[in-house]
Amino acid sequence: MIRVTAMVLGLILAAPAWGRDCPPPPDHAAEISALLDRLARAGDPVQAQRLMNALWALWFDAPDARAQDLLDRAMERRAAGQGDEALALLDQLVEECPDYAEGWNQRAFIHYLQGAHAVALAGLDATLAREPGHVGALAGRALALMALGRDAEARRALDAALARNPWLPERGLIEAPGTDI
């Protein structure tokens with residue numbers, strides 16, 4: 001299974017930019033870095049949530065109007081319980097704009113919801129290759145690894161996410177009785 005996941009990840013990371021000429025994602029690196037720094041020091045869950053909302057706004061800023069439309073429609077479909085339709089839109093987004101981390105992240109989330117944990121993990125790794133500080137992808141990676149029974153790796157991923165946001169709801173997984181992470 002590890003070999004299959006590594007092969008899928010290799011194909012994802014090596015995927016060429018085909019389809020159309022998508023511009024690079026907006027460069028929010030300085031703003032994201034500042035927000036992550038503040039988030040790591042957040043004094044309470046309300047402050048942490050405000051900072052996470054600001055991060056999500058930046059991560060959801062797509063490279064162009066077409067990419068934004070695909071992402072927005074995918075999120076609407078997901079919210080309406082239409083996972084397959086959302087996935088098709090996100091597949092298109094990732095194909096057209098392979099450098100856009102949030103396309104990979106949202107697609108991975110839907111794969112996770114559908115129980116395709118190894119595929120989700122590969123997508124989360126692709127997200128983190130493009131946006132290493134993505135707290136949501138780190139937390140999602142921990143959950144996918146847990147679902148795959150890879151608890152030691154899950155704990156490391158969760159620790160990395162909690163280092164960026166100590167108020168993540170997933171922190172309860174560490175403290176929950178009966179969990180191995």
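In the hydrophobic clustering of this structure, M75 groups with L58; members are Ile, Leu, Val, Met, Phe, Trp, Tyr whose side-chain heavy atoms approach within less than 4.5 Å, directly or through other members. Linking ILVMFWY residues whenever their side-chain heavy atoms come closer than 4.5 Å, directly or via other members, leaves L148 and L128 in distinct clusters. Put simply, Y100 and L89 are part of the same group of oily side chains (I, L, V, M, F, W, Y) that touch within less than 4.5 Å, one to the next. Follow the hydrophobic side-chain contacts under 4.5 Å out from M146 and you never reach L138; the two are in separate clusters.
Distance CG/L145 to CG/D151: 9.0 Å, rounded to 0.5 Å. Remark: L35 CG to L55 CG distance equals 4.5 Å, nearest 0.5 Å. In this structure, L168 CG and L158 CG are separated by 7.5 Å, a value rounded to the nearest 0.5 Å.
When atom types are taken as modelled, the side chain of S33 and the backbone of A29 share no donor-acceptor pair closer than 3.5 angstrom. In this structure, E102 contributes its side chain and F60 its backbone to no donor-acceptor pair below 3.5 Å. In this structure, the side chain of W167 engages the main chain of A42 through a donor-acceptor pair within 3.5 Å.
Residues D91 and L87 are in side-chain contact: their nearest non-hydrogen atoms beyond the backbone lie under 4.5 Å apart. Using a 4.5 Å cut-off on side-chain heavy atoms (C-beta onward), F109 and N105 make no contact. L70 places none of its side-chain heavy atoms less than 4.5 Å from the side chain of L90. Between L121 and R150 the shortest side-chain heavy-atom distance falls below 4.5 Å. Within the 4.5 Å cutoff, the side chain of D99 has heavy atoms near those of the P25 side chain.
Nearest heavy-atom pair across I110 and A86 is CD1-CB, 3.4 Å. Heavy atoms only, all atoms of each residue included: A163 and A40 are closest at O-CB, 3.5 Å. Taking every heavy atom of both residues into account, L124 and A144 meet most closely at CD1-CB, 4.3 Å. Closest heavy-atom contact between A101 and R130: CB-CB, 3.8 Å.
Counting only residues at least two apart or in different chains, side-chain hydrogen bond (donor to acceptor under 3.5 Å, both in side chains) contacts with residues 137-147 comprise D125-R141. Pairs engaging residues 40-66 under the salt bridge (Lys or Arg N to Asp or Glu O under 4.0 Å) rule: R20-D64, D37-R41, R66-E96 [sequence neighbours left out]. Among residues at least two apart or in separate chains, salt bridge (Lys or Arg N to Asp or Glu O under 4.0 Å) pairs with a member in residues 158-169 are R155-D159. Among residue pairs with one or both ends in residues 46-84, none qualify as disulfide (SG to SG under 2.5 Å); sequence neighbours excluded. Each ring pair (Phe, Tyr, Trp, His ring centres under 6.0 Å) pair with one or both residues in residues 63-84, not counting sequence neighbours, would appear here, but there are none. Listed by first and then second residue, the salt bridge (Lys or Arg N to Asp or Glu O under 4.0 Å) pairs that reach into residues 70-85 are D69-R73, sequence neighbours excluded. Within the structure, the disulfide (SG to SG under 2.5 Å) test picks out the following pairs touching residues 20-58 (sequence neighbours left out): C22-C97. For residues 115-150, the pairs satisfying ring pair (Phe, Tyr, Trp, His ring centres under 6.0 Å) are W56-H134, W59-H134, Y112-H117, with sequence neighbours left out.
Residues forming a side-chain hydrogen bond (donor to acceptor under 3.5 Å, both in side chains) with R38 (at least two apart in sequence, or on another chain): none. Every residue was checked against the side-chain hydrogen bond (donor to acceptor under 3.5 Å, both in side chains) condition with E131, not counting sequence neighbours, and none meets it. In terms of the side-chain hydrogen bond (donor to acceptor under 3.5 Å, both in side chains) criterion, N165 has no residue partners (sequence neighbours excluded). Here Q49 pairs with N53 under the side-chain hydrogen bond (donor to acceptor under 3.5 Å, both in side chains) rule; sequence neighbours left out.
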